[in-house]
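The structure appears right after this line, and notes come after that.
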Amino acid sequence: MKHPPLRQAQGRPIGIFDSGLGGLTVVKAIQRELPKEKLVYFGDTARIPYGTKGPETIKHYAKQIVRFLIKKEKVKAVVVACNTSSAWALKDLRGEFSIPVLGVIEPGAHAAVEVTRNGVIGVIGTEGTIYSGAYPEAIHRLMPQAKVLTRPCPLFVPLVEEGKISGPIAESIAREYLRPLLKGGIDTLLLGCTHYPLLKKTLSKVAGKKVKIVDSADETARSLHRNLDMHGIELSGKGSGKYYVSDLSRKFKEHAQRFLGKHIPKVEKIFIEKY
Ligand code: DGL
């Protein structure tokens, strides 16, 4: 697909997507960093979780979503606010679409490298993200001597989607998952899944004060800002948000509010399979 001329692109929204609600943690950071931009969010709630699916499926989903965002909303840039999709599909998306497509892995790696003192970094994420090896690769590009300890945490996404972000169940699962990383001497824990920032309190209780917890949301928002600047397509208008999902559950608005920190007035359900 062709890149719209820059002057036209300026007034267009930015598309952001995730498998579900986790990407709203990135929306929140983008709204803080770029308050004048129009944002369009798509949560693939009908097909969540992504973390347990294979690379071909994830690529297929990602392409459908970007096609939808371009066709329906004429977005000028896309933020893949999902680590699993960033890990498997970013390269293909950049090959197929000519608008800027940003992922969360590079920014996350950057944030972790900035924070670590001893160079031992723990990364947690979905099975897909961890087995892709994308994080150690990105971290080693920035800090070749880093020791990266990774662990998939498949129970975290359903916990977060269910709102069970603190209490004894969340803590005991977190303790089990973090044990080998803490034993390995990490001083930084990188949350390699956009759902996990909601578990920050629980994770920091389990990891202790000496371990710094970082996520990619703020760094992704900053890198988007730089990218729009570079392309001359930053907008100075009235910020707005539009929300789409592929399945609208009864509790969607209540859950979405927890991720975004504010009420979502309107959500539209679309049939993503047709794109
Ligand atoms: N939130 C997504 C991520 O950052 C994936 C969660 C899932 O669908 O498994 O990887």
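Side-chain atoms are counted along with the backbone in the values below, which use heavy atoms only and exclude waters and symmetry mates. First listed ligand is number 1; within each ligand, the first listed atom is number 1. Quick caveat, the model's predicted, so the values are computed rather than measured.
Separation of the Tyr244 and Tyr41 ring centroids does not fall under the 6.0 Å cut-off. Aromatic ring centres of Phe42 and Tyr243 lie farther apart than the 6.0 Å criterion allows.
In terms of protein heavy-atom proximity, atom 2 (C) of ligand 1 is closest to Asp18 OD1, 3.3 Å. For atom 5 (C) of ligand 1, the nearest non-hydrogen atom of the protein is Ser19 OG, 3.6 Å. Among all non-hydrogen protein atoms, the one lying nearest atom 3 (C) of ligand 1 is Asn83 N, 3.3 Å.
Applying ring pair (Phe, Tyr, Trp, His ring centres under 6.0 Å) to Phe68 and the options Tyr275, Phe97, Phe271 leaves one that passes, Tyr275. Considering Asp18, Asp44, Thr126 as possible partners of Tyr50, the one that fulfils the side chain to side chain donor-acceptor pair (under 3.5 Å) test is Asp44.
Heavy-atom proximity to atom 10 (O) of ligand 1, evaluated over Thr84, Val80, Thr45, Asp215, is greatest for Thr84.
Remark: ligand 1 atoms within the under-4.0 Å shell around heavy atoms of Ile48 are 8 (O). Interface of Tyr50 with ligand 1, defined as ligand atoms under 4.0 Å from a residue heavy atom, comprises 7 (C), 8 (O), 9 (O).
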Next item on the list: Determine, step by step, whether Lys210 and Asp187 satisfy the salt bridge (Lys or Arg N to Asp or Glu O under 4.0 Å) criterion, reporting the C-alpha distance in whole Å, the side-chain angles of both residues, the deciding distance to 0.1 Å, and the verdict.
Entry: CA-CA 6 Å; Lys210 286 190 196 134; Asp187 76 344; over 6 Å; no
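Counting non-hydrogen atoms of neighbouring residues, nucleotides and ligands closer than 6.0 angstrom, the NZ atom of Lys147 reaches no more than 12 such neighbours.
The pair Asp247-Arg47 does not meet the salt-bridge criterion, since no charged nitrogen lies less than 4.0 angstrom from a carboxylate oxygen.
The N/O atoms of Gly51, backbone and side chain alike, include one that comes under 3.5 Å of an N/O atom in ligand 1. For ligand 1, the polar-atom distance check against Thr52 finds no nitrogen or oxygen pair separated by under 3.5 Å.
Not a single heavy atom of Gly20 sits under 4.0 Å from any atom of ligand 1. For Gly22, the heavy-atom gap to ligand 1 stays at 4.0 angstrom or more.
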